[in-house]
Enquirer: 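Sharing a structure with you now.
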Amino acid sequence: MGVVQFYPLDIRVQMANQRPVVVLYGRTTTGERVSVMDHDYLPYLYIVPKTQDSAELEQELARFIIKDKDNYCSVLKIEKMSMNFLEKETTVLKAFFNNPFGALAMHDELLKRPDIQGIYEHDVPFVSSYLLDKKIIPGVVTTVEGEMVNVHARVPVIRANSIMQAEDESIKNGKILAFDIETYAPAGKPASPEHDPIVMVSFYSNDFKKTITWKEFATTNPSLEFVNGEFELLMRFKKVIEEFQPDFLIGYTSDVFSFPYLKKRADKYDIKLDLGVDHSNIDVGKTATAIKGIVHVDLYKFVSRILSSKLETDTFRLEEVARELLGEGKKQIDTEHFAAVWDNTPENLEPYCEYNLQDAALIYKLFEKVLPSMFEFVKLTNVELFDMVRGSFSLFVEALLTKESRFWKEIIPPRPTRKEYEERNAYSYQGGFVSEPEPGIYNNIAVYDFASLYPSIISTHNISPGTLRCRCCTEIVPGEEMHFCKKTTGFFPKIVSGLVDRRQRILKILGDTGEKSPEQVSLLYARQEVLKIIANSLYGYFAFPSSRWYNLECAKAVTAYGRHYINSVIEKAKEDFEVLYADTDSVFLKAGGKKLGQSEKFFEELNLALPEKMKLEYEGLYPRGIFIASKAGKGAKKKYALLSEQGFLKIKGLESSRRNFSTLAKNAQEEVLYLILKERKMRKAVEYIRNLIGEVKEQKIPLRKMIIYTQLQKDIARYETIAPHVAVAKKMQQSGFAVGPGSLIQYVVAKGDGSIAERSQLPNEVREYDAAYYIEHQILPSVEKIFEAAGVDLMKALDEKEQSSLSEFI
DNA sequence: GCGGACTGCTTACCT
DNA sequence: ACAGGTAAGCAGTCCGCG
């Protein structure tokens with residue numbers, strides 16, 4: 001008998017004697033690896049009988065059994081109880097059974113019975129269910145009371161008598177190891193795991209730096225280790241991980257690149273990659289690689305899916321992400337000739353080893369930087385870190401709703417069938433309101449926006465599947481036909497209020513002057529950010545075709561109220577101001593000079609009139625701003641630039657904020673905006689463009705500024721039209737590169753004949769870029785509209801030598 | 001057979 | 001695999017032209 005405190009990090013289920021055993025791998029608070037076995041949990045599902053009297057059904061259920069070779073699945077226990085289904089009280093049978101792997105088969109079999117109306121929670125993963133019912137959050141300190149089991153294993157095993165969490169402290173002593181591999185890629189070709197070896201591996205951790213390679217050269221670098229060939233390199237790779245005993249093993253694109261590559265090379269030598277803490281082999285799946293007892297994190301996935309919207313960078317290359325998040329760039333190196341150096345001049349390999357180690361270092365530092373946010377996601381949703389880092393917004397929302405369901409005794413609705421999915425996917429509905437701005441340059445633009453508009457609507461108007469069309473209330477949603485109950489708070493509003501209230505408390509603490517350590521601040525900041533992200537995602541989940549809580553009417557009601565509120569702000573503002581622009585939850589007013597005082601009054605009055613949970617916020621005053629015309633000659637929505645009081649440009653929707661424009665065009669546009677809005681020098685702006693065009697014509701611009709990035713959204717074969725990026729992707733595919741959905745294709749339009757697609761090539765294949773294309777299709781379209789909004793015809797101005805008609809200052 | 005107008009596919013943005 | 005609203009480039013097709 002003993003009590004141990006540990007952090008569970010990887011939670012699995014296995015069968016023993018026809019019963020499930022949950023195994024929690026983790027590390028104790030004293031730093032030892034441990035695995036905890038919990039035999040005390042059974043899977044269950046909820047059965048809704050057709051009739052009140054379910055005695056006969058219960059008797060027959062007790063005898064229910066499905067046999068499959070050596071395994072069986074049978075009902076062990078039935079409890080008749082009351083639960084909520086979509087917020088309505090319902091009498092159900094909770095049927096416990098022995099084998100979680102048989103849940104779906106049981107569901108299908110039982111549903112054939114005429115006396116059963118519905119079966120639920122058969123599609124809730126067993127481990128998730130376990131963690132929720134036992135109130136265990138992955139990675140949080142857990143107290144287990146039990147006995148050491150004497151079995152042959154790499155990790156001590158405790159058989160739990162009881163297991164519980166009393167505190168909410170996340171793991172602090174976790175061992176983090178980042179790694180990166182370097183493969184041999186023949187010039188101009190991708191490395192192929194069938195033919196090309198792994199030539200370097202680097203590891204990085206706090207106080208641990210190592211690069212292993214198999215060509216020796218003279219060096220004094222202590223972190224370098226030479227081995228004799230790839231076989232030995234792979235063996236050392238294993239050994240390093242085995243000895244280091246990481247809890248978190250971090251890679252960058254390691255799910256789809258590093259581990260599949262390592263696996264193929266290891267197979268070649270019959271090396272087992274038995275990195276699991278119980279000697280089990282790594283599980284290299286199609287989309288992810290899992291290692292028993294170690295949390296393998298592919299940081300690329302988290303960065304590209306969850307952090308992407310917060311990042312400026314167009315690509316998610318490690319270097320650029322690191323520069324943005326860590327402020328740390330990479331020492332540049334000529335990677336193109338790596339294979340040649342490896343083959344011919346190994347004495348020059350040292351910089352490549354440093355480069356490889358540097359990647360591992362950046363991966364490590366990035367992980368440390370985002371870890372607080374990751375743990376906050378985990379704590380809020382109960383999703384294991386392994387799943388969390390590969391997750392999406394829908395996963396987080398679903399997990400949160402699942403967790404809250406347990407608390408409010410709600411049955412978790414099933415995932416939709418394929419047919420339901422198709423039906424839902426075909427529907428659309430009206431969203432936010434967007435006004436059309438009048439193109440031009442304006443001074444003193446005051447911007448206001450609603451704080452968390454949709455979440456505040458959900459809680460103010462009690463929008464939830466269970467409050468929809470109640471019998472007691474009648475107030476209709478503006479412009480719609482449905483109504484929601486005003487008396488009983490619904491499931492969704494309860495959750496939203498909880499998230500919003502918690503976030504408000506955190507923001508208050510962050511704003512207080514009290515002493516806080518940098519760690520506390522970053523933790524609190526991460527926590528409020530995660531609360532906001534999830535609150536804002538809840539509305540979209542109503543209309544998400546794969547949603548368990550799909551409800552189109554709720555989604556429609558939210559946007560209808562949204563349009564109602566933004567329009568009421570616009571109407572009120574119009575009494576005293578010119579409303580320049582509005583989009584969904586924000587309004588832009590012309591609030592010049594003496595009108596500023598008036599705008600404060602407007603703002604206060606408006607907020608007083610709003611419901612308690614709704615708030616219009618003052619985002620700021622911008623001394624100057626520009627709205628441009630669309631191609632169709634009207635004011636372009638979602639495209640503008642504002643100049644802040646501090647002199648920064650806030651550019652939205654224009655070419656310079658789009659990745660599928662060349663750096664050349666983006667820089668040109670920013671420069672013109674800067675010269676016109678900030679410096680107010682029109683002649684200078686025209687001259688700038690004139691000079692730039694001259695340089696382009698003379699092929700003076702470096703090729704890298706001509707690169708256009710476009711992402712492939714689907715398999716190459718499925719494209720109906722062959723756009724430039726598709727044409728280039730096809731060529732890449734033919735030379736052996738793995739390109740598919742998600743690949744970011746880069747290309748340069750070269751001089752020559754044919755369509756743009758036909759002339760598009762990979763940057764390193766281009767001899768001469770097509771100057772005319774870059775002038776007419778990149779620079780001019782990006783800047784002409786800006787000059788036009790400023791009242792200048794750029795083409796005319798460029799024609800005139802003296803520009804006598806232009807005044808320098810505007 | 002040619003060139004401009006038009007359409008629809010496609011991507012990436014905004015809130 | 002959260003939602004809808006939006007602009008715009010490019011390929012491909014349509015259409016007029018005795």
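Sequence lines set the chain letters: A, B, ... in the order given, protein chains first and strands last, and positions in each chain run from 1. Note that the structure is predicted; figures quoted are calculated from it, not measured. Any value given below was found using the heavy atoms of this structure, including those in side chains, with hydrogens, waters and symmetry copies removed.
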Enquirer: Check the distance between B:dC14's P and A:Lys650's NZ and give it to me in whole angstrom.
Expert: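 That distance rounds to 10 Å.
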Enquirer: Looking for any heavy atom pair under 4.0 Å, which part of the strands does A:Tyr429 touch: base, sugar-phosphate only, or nothing?
Expert: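 Sugar-phosphate, backbone atoms only, no base.
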Enquirer: Answer yes or no: does a side-chain N or O of A:Thr559 lie under 4.0 Å from OP1 or OP2 of C:dG4?
Expert: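 Checking A:Thr559 against C:dG4: no side-chain N or O falls below 4.0 Å of OP1 or OP2.
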Enquirer: How close or far is atom C1' of C:dA8 from atom CZ of A:Arg658, stated in whole angstroms?
Expert: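 It is 7 Å, rounded to the nearest whole Å.
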Enquirer: Does C:dT6 have its OP1 or OP2 closer than 4.0 Å to a side-chain nitrogen or oxygen of A:Tyr581?
Expert: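 So the side-chain polar atoms of A:Tyr581 never come under 4.0 Å of the phosphate oxygens OP1 or OP2 of C:dT6.
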Enquirer: Are A:Gln711 and B:dA12 close enough that a side-chain N or O sits under 4.0 Å from OP1 or OP2?
Expert: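 Affirmative; the distance criterion is met.
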Enquirer: Do any side-chain nitrogens or oxygens of A:Lys714 fall under 4.0 Å of OP1 or OP2 in B:dC9?
Expert: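 False: A:Lys714 side-chain N/O out of range (4.0 Å or more) of B:dC9 OP1/OP2.
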Enquirer: When you match A:Ser630 and A:Lys638 each to their closest nucleotide on DNA chain C, which lands nearer the 5' end?
Expert: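 Result of the comparison: A:Lys638.
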Enquirer: Looking at A:Lys637, I'd like to know whether one of its side-chain N or O atoms comes within less than 4.0 Å of OP1 or OP2 on B:dC13.
Expert: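 No, because none of the side-chain N or O atoms of A:Lys637 sits under 4.0 Å from OP1 or OP2 of B:dC13.
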Enquirer: Where along residues 545-556 of chain A does a heavy atom come under 4.0 Å from DNA chain C, residue by residue in number order?
Expert: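 A:Pro545 - these, ordered by number, are the residues of the stretch whose heavy atoms sit under 4.0 Å from the strand.
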Enquirer: What is the separation between atom OH on A:Tyr709 and atom C1' on B:dC13, rounded to the nearest whole Å?
Expert: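 Spelled out: OH on A:Tyr709 to C1' on B:dC13 is 19 Å.
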Enquirer: Rounded to whole angstrom units, what separation is found between the CG atom of A:Leu780 and the P atom of C:dA8?
Expert: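 After rounding, the reported distance stands at 15 Å.
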Enquirer: For A:Glu423, is there an ion pair with A:Lys419 - N to carboxylate O distance below 4.0 angstrom?
Expert: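 A salt bridge links A:Lys419 with A:Glu423.
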Enquirer: Taking 4.0 angstrom as the limit, do A:Glu480 and A:Lys556 come out as a salt bridge?
Expert: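 Salt bridge between A:Glu480 and A:Lys556, a charged N being under 4.0 Å from a carboxylate O: no.
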Enquirer: Between atom OH in A:Tyr747 and atom C1' in B:dT11, what is the gap in whole Å?
Expert: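 For the pair A:Tyr747 OH and B:dT11 C1', the rounded distance is 10 Å.
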Enquirer: Quiz question: by atom type and distance under 3.5 Å, do the side chains of A:Glu324 and A:Thr313 form a donor-acceptor pair?
Expert: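 No - no donor-acceptor pair under 3.5 Å links their side chains.
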Enquirer: Any chance you could lay out the side chain to side chain contact (heavy atoms under 4.5 Å, CB included) test for A:Tyr747 and A:His725, step after step, and finish with the verdict?
Expert: CA-CA 7 Å; A:Tyr747 65 90; A:His725 72 293; 3.9 Å; yes
Enquirer: Taking OP1 and OP2 of C:dA3, is either one under 4.0 Å from a side-chain nitrogen or oxygen of A:Ser537?
Expert: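 No, because none of the side-chain N or O atoms of A:Ser537 sits under 4.0 Å from OP1 or OP2 of C:dA3.
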Enquirer: For the pair A:Asp255 and A:Arg390, find out whether any cationic side-chain nitrogen is under 4.0 Å from an anionic carboxylate oxygen.
Expert: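 Salt bridge flag = yes for A:Arg390 with A:Asp255.
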Enquirer: In plain terms, say whether A:Asp583 and A:Lys637 are close enough for a salt bridge, that is, a side-chain N and a carboxylate O under 4.0 Å apart.
Expert: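 No, A:Asp583 and A:Lys637 are not salt-bridged.
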Enquirer: To the nearest angstrom, how far is A:Lys639 atom NZ from C:dA7 atom P?
Expert: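 The answer, rounded to whole Å, is 9 Å.
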Enquirer: Looking at A:Lys590 and A:Glu438, is any side-chain nitrogen of the basic one under 4.0 Å from a carboxylate oxygen of the acidic one?
Expert: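 Salt bridge between A:Glu438 and A:Lys590, a charged N being under 4.0 Å from a carboxylate O: no.
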Enquirer: So, OP1 or OP2 of B:dA12: does either fall under 4.0 Å of a side-chain N or O from A:Gln713?
Expert: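 For B:dA12, OP1 or OP2 has a side-chain N or O of A:Gln713 closer than 4.0 Å.
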Enquirer: Would one find a side-chain N or O of A:His725 under 4.0 angstrom from OP1 or OP2 of B:dT11?
Expert: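 Indeed, a polar side-chain atom of A:His725 lies that close.
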Enquirer: Does C:dG9 have its OP1 or OP2 closer than 4.0 Å to a side-chain nitrogen or oxygen of A:His777?
Expert: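 Checking C:dG9 against A:His777, no side-chain N or O comes under 4.0 Å of OP1 or OP2.
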Enquirer: Looking only at heavy atoms, what is the nearest atom pair of A:Ile463 and A:Ala557, with distance?
Expert: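 Taking every non-hydrogen atom into account, CD1-CB, 4.0 Å.
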Enquirer: Within the 4.0 Å heavy-atom criterion, would you say A:Tyr454 contacts the bases, only the backbone, or no part of the nucleic acid?
Expert: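 Nothing: the residue A:Tyr454, judged by heavy atoms under 4.0 Å, touches no strand.
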Enquirer: Would A:Glu121 and A:Arg406 pass as an ion pair if we require N to O under 4.0 Å?
Expert: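 Between A:Arg406 and A:Glu121 there is a salt bridge, with a charged N closer than 4.0 Å to a carboxylate O.
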Enquirer: Considering only heavy atoms from C-beta outward, does the side chain of A:Gln669 approach that of A:Ile786 to under 4.5 Å?
Expert: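 In short, these two side chains touch, coming nearer than 4.5 Å.
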Enquirer: In plain terms, say whether A:Asp449 and A:Lys615 are close enough for a salt bridge, that is, a side-chain N and a carboxylate O under 4.0 Å apart.
Expert: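 Salt bridge between A:Asp449 and A:Lys615, a charged N being under 4.0 Å from a carboxylate O: no.
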Enquirer: For A:Gly431, report the nucleic acid contact type (base, sugar-phosphate, nothing); a contact means any heavy atom under 4.0 Å.
Expert: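 Contact class for A:Gly431: sugar-phosphate only.
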Enquirer: Please give, in whole Å, the distance from C:dG4 P to A:Tyr541 OH?
Expert: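 From A:Tyr541 OH to C:dG4 P: 15 Å.
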Enquirer: Closest approach to the side chain of A:Ser657, judged atom by atom: which nucleotide of C:dC10, C:dA3, B:dC14 is it?
Expert: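 Nearest to the side chain of A:Ser657 among the choices is B:dC14.
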Enquirer: Could you state the atom-to-atom distance from CZ of A:Arg759 to P of C:dC10 in whole Å?
Expert: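 Going from A:Arg759 (CZ) to C:dC10 (P), I get 10 Å.
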Enquirer: May I ask you to evaluate whether A:Tyr773 reaches the phosphate of C:dC10, defined as a side-chain N or O under 4.0 Å from OP1 or OP2?
Expert: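 Answer yes for this pair, as a side-chain N or O of A:Tyr773 is under 4.0 Å from OP1 or OP2.
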Enquirer: If you look at every strand shown and take non-hydrogen atoms under 4.0 Å, does A:Tyr640 touch a base, only sugar-phosphate, or nothing?
Expert: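 A:Tyr640: backbone/sugar contact only, no base atoms under 4.0 Å.
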Enquirer: Could you tell me whether the side chain of A:Leu580 reaches within less than 4.5 Å of the side chain of A:Phe627, counting heavy atoms only?
Expert: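 Heavy-atom side-chain distance check passes, below 4.5 Å.
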Enquirer: Which part of the nucleic acid, if any, lies within contact of A:Ala757, taking any heavy atom under 4.0 Å across all strands shown: a base, the sugar-phosphate backbone alone, or nothing?
Expert: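 Answer is sugar-phosphate: A:Ala757 comes under 4.0 Å of backbone atoms only.
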Enquirer: List, with names and distances, any nitrogen or oxygen atoms from the protein found under 3.5 Å away from nitrogen or oxygen atoms belonging to nucleotides 12-15 of chain C.
Expert:
none

Enquirer: At under 4.0 Å between heavy atoms, what does A:Val397 touch on the DNA or RNA strands: base, sugar-phosphate, or nothing?
Expert: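 If one applies the 4.0 Å heavy-atom cut-off, A:Val397 turns out to touch nothing in the nucleic acid.
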Enquirer: Check the phosphate of C:dA1 against A:Arg305, side-chain N and O only, distance under 4.0 Å to OP1 or OP2. Yes or no?
Expert: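 A:Arg305 to C:dA1 OP1/OP2: side-chain N or O found under 4.0 Å.
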Enquirer: Quick one: does A:Arg659 reach the base of B:dT11 with a side-chain donor-acceptor pair under 3.5 Å?
Expert: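 Per atom types, no contact qualifies.
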